[in-house]
2 protein chains.
Amino acid sequence: MTTDRLRDLLETTQGDLPPLTTELIRDLDLPELLPIADVAALTGVTAHTLRYYERIGLVDVARDASGRRAYDRDAVGRVVFITRLRDSDMPIAAIGRYMEMVRQGPETEPERLALLEAHRADIVHRLRALETALAVVDYKITTYGGACGS
Amino acid sequence: MTTDRLRDLLETTQGDLPPLTTELIRDLDLPELLPIADVAALTGVTAHTLRYYERIGLVDVARDASGRRAYDRDAVGRVVFITRLRDSDMPIAAIGRYMEMVRQGPETEPERLALLEAHRADIVHRLRALETALAVVDYKITTYGGACGS
DNA sequence: GCTTGCCTTCGAGTGCGCTCGACGTCCTAC
DNA sequence: GTAGGACGTCGAGCGCACTCGAAGGCAAGC
């Protein structure tokens, strides 16, 4: 599958990609293995960044016979998951720790859960901050030309 | 007013500072002019960062007789506004442009408004991304021990 | 009058998350 | 067989937003 065909598929499927969950990816009938350019097109993460994520241990990616990256569904799902975590400003280091625990096996599950719960609290906190900011900006917008110069 | 007294005041007033709007600041009966440490305590922005904000032109701050910063209500309000914009990840450069326009006077108001509206759209976009991320994290949390290893 | 401590300026340093470039390889198409 | 293009590795560079440290000033309290 070329990047072009993939992009077509994406366009006819959802228009405006963003939400793109792991589930959604399962539903697209993609080949088993994708080259890096397709993963980039699919996820919106540049190939450079995908290599970087692999380099620092966030995703393991298999190679084909000629040494090129071949992303299977799991790997793509992981990339999507990582982008969700990054969207919510989880630091790379925390994601790294999480993925390391995943690699260590099921006995790290309680710890992983704790990490996610901490991050969840963080997200809720940021949501509130964003809502406050939105209110402030809306106030400024609606009262524009009004009193305060700031 | 010492930083300590200010902190006491803050504690008895709202417990948990965050929202802290310009209006709220007007309601606290503070002295006309505050030294940098008090502004830091009030806003949660470090003195170092306050100086940095001034250096790069985000706020103008007057000096007292001995050359020390003396923040008036307007300046404090501006700092609070800036922190709201920063909380919503408005880049420093954009805030700088905005503040520059404020300095240039009322004829820049349409442009300022446009800047705020663009930023508003950005905030809404981030809110959606955060909500998506929250849903994903919640899904992972509730299904923990579940199927997918990612 | 001396210490203490908050303040000043200035410039350099830090941490994060990419982002890029160089250079080489391999596959495909013509 | 050769040209083009996507891919590989490696290491360096960048932009952003602080963050820190050095060196000195000034005012209040002991």
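Sequence lines set the chain letters: A, B, ... in the order given, protein chains first and strands last, and positions in each chain run from 1. Because the structure is predicted, anything quoted here is derived from the model rather than measured.
Annotation: cation-pi geometry not satisfied between K140(A) and Y98(B) (NZ/CZ under 6.0 angstrom from ring centroid, within 45° of ring axis).
Under the side chain to side chain contact (heavy atoms under 4.5 Å, CB included) criterion, D60(A) pairs with R103(A), not counting sequence neighbours. In this structure D122(B) satisfies the side-chain hydrogen bond (donor to acceptor under 3.5 Å, both in side chains) test with no other residue, sequence neighbours excluded. In terms of the salt bridge (Lys or Arg N to Asp or Glu O under 4.0 Å) criterion, D72(A) has no residue partners (sequence neighbours excluded). The side chain to side chain contact (heavy atoms under 4.5 Å, CB included) search around A70(A) returns L33(A), not counting sequence neighbours. Taking the side chain to side chain contact (heavy atoms under 4.5 Å, CB included) definition, one finds that R63(B) meets it with E54(B), R69(B), sequence neighbours left out. Considering only residues two or more places apart in sequence or on other chains, S66(B) meets the side-chain hydrogen bond (donor to acceptor under 3.5 Å, both in side chains) condition with D64(B). A94(B) pairs by the side chain to side chain contact (heavy atoms under 4.5 Å, CB included) definition with M90(B), P91(B), R97(B), not counting sequence neighbours.
Contact record, D87(B) with L130(A): O-CD2, 4.4 Å, taken as the closest heavy-atom pair.
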Under-3.5 Å N/O pairs linking protein and nucleotides 14-17 of chain C:
residue, atom, partner, partner atom, Å
dG17(C), OP1, I92(A), N, 3.2
dG17(C), OP2, I92(A), N, 3.4

Mind listing the N/O atom pairs, protein and nucleotides 1-3 of chain D, below 3.5 Å?
none

Under 4.0 Å protein heavy-atom contact, by nucleotide of nucleotides 21-30 of chain D - B base, S sugar-phosphate only: B---BB----
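With the end axes of the helix from dG1(C)-dC30(D) to dC30(C)-dG1(D) each set by five pairs, the angle from one to the other reads 0° at 10° resolution.
Taking every heavy atom of residues 116-124 of chain A and every atom of DNA chain D, no pair lies under 4.0 Å.
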